[in-house]
Amino acid sequence: MATPFPIGRMTEPVDFLSTSPPAIPVTTLTVLGTVASAVTGTPHGLTSGDYASVRGALPLGYNTTSGQVTVTGPTQFSYTVPAGLASPATGTITVTFKSDSQGGQPNEWYAAGSAFASIEPLNASERQAVGGAAAATITYRAVIHYRPGLEPHMILHWTRYQESAPRELEIIGVYPHPEPAYAHRFLVLECGELE
């Protein structure tokens with residue numbers, strides 16, 4: 001019989017950071033002529049001249065993969081659409097930053113979610129790359145409830161109990177729990193501490 005892989009007590013609050021900008025929900029999308037005006041539920045973080053993707057709107061003419069926006073407030077922006085669209089738009093609409101006015105891609109860390117984890121320090125193990133060279137040093141293993149969207153190279157931001165400075169761990173591997181009874185409910189994250 002195999003030794004059970006522990007789940008542990010998930011009492012450590014962690015945040016996940018990603019270099020992919022989040023999709024911000026759009027609560028209202030209307031058009032006047034060829035100018036669509038959007039209102040978001042939370043601040044969108046866009047700047048006039050940025051390019052953004054708008055998805056999920058009906059009629060489809062509101063959607064764009066990379067439209068240049070004019071910001072009119074922290075939760076308002078506008079962009080150009082084809083004439084003759086019905087107003088207001090319907091659907092589950094989101095806006096996502098694509099690039100700045102100079103074509104610069106996203107280069108900062110964005111909040112991608114929060115969870116509670118069971119974090120276990122390891123003596124260190126190495127993940128091997130093709131050819132046998134060490135690809136990464138794994139210093140922590142975290143177990144969390146299953147959540148979609150976690151990928152290697154994201155950051156797990158964790159403030160250890162009774163420590164004032166947070167630790168930043170790079171997620172090196174994301175795996176289903178090895179116990180068949182838990183595989184669909186929990187994820188195991190192999191992490192390495194960033195210096």
Side-chain angles (χ1 to χ4, degrees), residues 13-117 142 144-157 168-177 182-191:
V14 296
D15 296 312
F16 300 103
L17 305 175
S18 171
T19 55
S20 298
I24 305 296
V26 174
T27 56
T28 307
L29 185 56
T30 58
V31 68
L32 182 58
T34 60
V35 177
S37 297
V39 177
T40 58
T42 59
H44 48 63
L46 300 170
T47 301
S48 287
D50 285 351
Y51 290 87
S53 167
V54 176
R55 296 178 184 244
L58 293 172
L60 296 176
Y62 283 100
N63 297 319
T64 179
T65 56
S66 188
Q68 194 167 27
V69 301
T70 300
V71 172
T72 55
T75 60
Q76 298 96 19
F77 67 93
S78 62
Y79 63 103
T80 303
V81 295
L85 295 176
S87 186
T90 60
T92 304
I93 309 166
T94 61
V95 61
T96 307
F97 171 76
K98 288 297 180 187
S99 69
D100 63 25
S101 61
Q102 304 300 312
Q105 300 301 309
N107 62 355
E108 60 185 77
W109 291 100
Y110 300 93
S114 298
F116 285 94
I144 64 166
H145 285 279
Y146 178 84
R147 61 183 301 123
L150 294 182
E151 301 173 354
H153 305 297
M154 292 177 76
I155 299 294
L156 185 149
H157 194 258
E168 290 191 340
L169 310 177
E170 179 182 5
I171 299 174
I172 297 165
V174 180
Y175 307 100
H177 196 281
Y182 298 138
H184 64 287
R185 294 176 33 208
F186 299 97
L187 291 175
V188 176
L189 309 177
E190 290 181 341
C191 304

What is the minimum heavy-atom distance between [X] and [Y], and which atoms define it?
| X | Y | value |
| --- | --- | --- |
| Y146 | H184 | CB-O, 4.0 Å |
| A183 | P176 | O-CB, 3.7 Å |
| R147 | A115 | NH1-CB, 3.9 Å |
| A117 | I144 | CB-CG2, 3.5 Å |
| P74 | T40 | O-OG1, 4.4 Å |

Run the side chain to side chain contact (heavy atoms under 4.5 Å, CB included) test against [X] and tell me which residues pass, sequence neighbours left out.
| X | answer |
| --- | --- |
| T28 | T30, V39 |
| E151 | M154 |
| T70 | S48, S78 |

Kindly write out the residues that satisfy side-chain hydrogen bond (donor to acceptor under 3.5 Å, both in side chains) with [X], not counting sequence neighbours, or none if the list is empty.
| X | answer |
| --- | --- |
| H153 | E170 |
| S114 | D15 |
| R55 | S53 |

Any ring-ring contact (aromatic ring centres under 6.0 Å, His included) involving residues 14-33? Give me the pairs, sequence neighbours left out, ordered by first then second residue. none

Any pair with a residue in residues 24-67 that passes ring-ring contact (aromatic ring centres under 6.0 Å, His included), sequence neighbours left out, goes on the list, sorted by first then second residue, please. H44-F77

Are side-chain heavy atoms of [X] and [Y] found at a separation under 4.5 Å?
| X | Y | answer |
| --- | --- | --- |
| C191 | I171 | yes |
| L169 | L189 | no |
| P25 | T27 | no |

For residues 84-103, which side-chain donor-acceptor pairs fall under 3.5 Å, sequence neighbours excluded?
| from | atom 1 | to | atom 2 | distance (Å) |
| --- | --- | --- | --- | --- |
| S87 | OG | V31 | N | 3.1 |
| D100 | OD1 | Q102 | N | 2.9 |
| D100 | OD1 | G103 | N | 3.0 |
| D100 | OD1 | G104 | N | 2.7 |

Could you tell me the separation between the [atom1] atom of [X] and the [atom2] atom of [Y], rounded to the nearest 0.5 Å?
| X | Y | atom1 | atom2 | value |
| --- | --- | --- | --- | --- |
| T19 | W109 | OG1 | CH2 | 5.5 Å |
| I172 | L156 | CD1 | CG | 11.5 Å |
| T47 | D50 | OG1 | CG | 4.5 Å |

